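Here the structure is laid out as structure tokens; the discussion comes afterwards.
Since we're looking at a predicted model, the values are computed, not measured. All chains are named by letter (A, B, ...) in the order of the sequence lines, taking the proteins before the strands, and each is independently numbered beginning at 1.
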There are 2 protein chains.
Amino acid sequence: MADLIYQKIIESLKKEIDSGAFPDMRLPDERSLAENYHVSRSSIKRALGNMSEQGIIFKKRGAGTFVNPLYLKQDSYFNYSGKNLGITDSFKANGQKPGIKVLSFDVIRPDEELRDNLFLNKGEFVYAFKRLRLLDEVPFMVETGYIPIKLAPELSEQVASESVFNYVESELGKEVNKTYLTISAQPSDEEGQKLLNLKNTEPVGIMEGIFFLNDGTPFEFSTMKLHYKYFKYDSFVDLDR
Amino acid sequence: MADLIYQKIIESLKKEIDSGAFPDMRLPDERSLAENYHVSRSSIKRALGNMSEQGIIFKKRGAGTFVNPLYLKQDSYFNYSGKNLGITDSFKANGQKPGIKVLSFDVIRPDEELRDNLFLNKGEFVYAFKRLRLLDEVPFMVETGYIPIKLAPELSEQVASESVFNYVESELGKEVNKTYLTISAQPSDEEGQKLLNLKNTEPVGIMEGIFFLNDGTPFEFSTMKLHYKYFKYDSFVDLDR
DNA sequence: CAGTGGTCTAGACCACCAC
DNA sequence: TGGTGGTCTAGACCACTGC
């Protein structure tokens, strides 16, 4: 992957941070980094700016660049705001074996709301599938997805049982790289209690949203219900925008 | 505010987009923009990159830069504005009257974890306060906050009963503009059930994190427990970083 | 092939912080 | 006052898209 200079620097600095190379939480100044990495200061700035947006570090003008202490304590399952971790991959990173069980797979006529969300015209159809996701054989999430058939004509139950996004990349030559998510929580319903092995006092976390291809096409509308113990979402937010 | 070149360009382009100046959803190319605005291409790139992160536009290498149709369509679902944090202002917009009831207000010695989160040395003290937030007199959120006394020496119960962040801006001349949030859900505990009027089957949403000043100083560590019906978090995410 | 966005460099100058 | 991050410029070269 990363044959880009700023990405390599990000990876390198992340490793250093993770390994505790900066016990005083302070990174070297930009000019020294540029010299040591044999790159321009602009490339360093780009790398650091990127890491700052991800919440890994923060910069204090006139003072220096520092590690965000919360980053080191991070133990979220879903870290969309970091390096690209597809859902599956992010679980691998935690050392647990992910699994998928397809509960249903159909082609349906979308209702008006779904048509709106996926920018579809009347008369167009979508794949509808429900999947149970597991970690080390333990179910933790029920996922309902809708994908326009015109965007993935060869989609199948087989594909759904593996990775849809990998299929998009390898077979369609496109990439899913953006998503609008709405996050909320609800008491568990009967289905959730049964599939996720929850008591009736235990809730589910909901992540619902649209996934986009790099050209801006809405690709999938998805609703994810998570066992509350696996529901953790980290977000670094710039408030003045 | 914006006396920065790239910010002025962002404002200008936003206005043009909102006014429908690009009916084909396509923006001029970067080199033309640089010429028309009499700035370098780098500044244009910075402005466009920023707008892309906000989900206003998306860029296609080799093809051009385009308006994100969802940005124009933002009627119902998708407000990715970082301001929707359950902070007072965002609820005003909903036409409901916000209220605050201070449940406690003390000065305490922070434990080690809190010291880490707020970058404090041993021996430094923090304000600790618990607040109940209301909407049209109905409680919806219990908030526990910790703020170093050295950062807000004049903080008081009175201030806490209004807006701490407004106080920071008007009295300290600083601005809270970043936050690192961890979002999760839990069954409601006894306190939550009592204060938020929840059944034992009904959960709370948890938003926990650090708020930073513009200079990068960690200003407040806050834990917010929300009535699940009021718990909704919108997020626009760039997956490939 | 022409046009477009992506990356990277080298360097100037500014704004802020700590000593 | 010296060191730090922030902004901006000017220009080179690369990678991809679409005709």
Requested in this report: Examine B/Y127 together with B/F105 and report whether their ring centres are nearer than 6.0 Å.
Outcome: yes
Report summary line: Assign each of B/V39 and B/R31 the nucleotide of DNA chain D bearing its closest heavy atom; nearer the 5' end lies the nucleotide of B/V39
Atom-pair distance ([atom1] on [X]; [atom2] on [N]), nearest Å:
X	N	atom1	atom2	value
A/E30	C/dA15	CD	C1'	14 Å
B/H38	D/dC8	NE2	C1'	16 Å
B/I5	D/dT7	CD1	P	11 Å
A/K8	C/dT7	NZ	P	14 Å
A/L48	D/dT4	CG	P	13 Å
A/L33	D/dT4	CG	P	10 Å
B/I9	D/dT9	CD1	P	8 Å

Query raised in the report: Hey, are A/K45 and A/E30 close enough for a salt bridge, meaning a charged N less than 4.0 Å from a carboxylate O?
Result: yes
Requested in this report: Under the side-chain hydrogen bond (donor to acceptor under 3.5 Å, both in side chains) rule, what do B/T223 and B/Y146 come out as? Steps first, then yes or no, please.
Outcome: CA-CA 9 Å; B/T223 302; B/Y146 303 95; over 6 Å; no
Check every atom of [options] against the side chain of [X] and return the nucleotide holding the closest atom.
X	options	value
A/A63	C/dT9, C/dC17, D/dT9	C/dC17
B/R61	D/dT7, C/dG5, D/dT9	C/dG5
B/S42	C/dG6, D/dG11, D/dG5	D/dG11

Side-chain N,O ([X]) to OP1/OP2 ([N]) below 4.0 Å:
X	N	answer
A/Y6	C/dC8	no
B/K60	C/dG5	no
B/K45	C/dG6	yes
B/S40	D/dG11	no
B/T65	C/dG5	yes
A/S43	C/dT9	yes

Query raised in the report: Hey, which of these two, A/I44 or B/L27, hits DNA chain C nearer its 5' end, going by closest nucleotide?
Result: B/L27
Requested in this report: For C/dC19, give its Watson-Crick or G-U wobble partner with both distances under 3.5 Å, or none.
Outcome: none
Query raised in the report: Is there a donor and acceptor pair, one atom on the side chain of A/R46 and one on the base of C/dG6, closer than 3.5 Å?
Result: no
Query raised in the report: Just one of A/I17, A/N68, A/L13 clears the side chain to side chain contact (heavy atoms under 4.5 Å, CB included) bar with A/I57, so which one?
Result: A/I17
Report task. Indicate whether the side chain of B/E162 and that of B/Q158 have a donor and an acceptor atom separated by less than 3.5 Å. Result -> yes
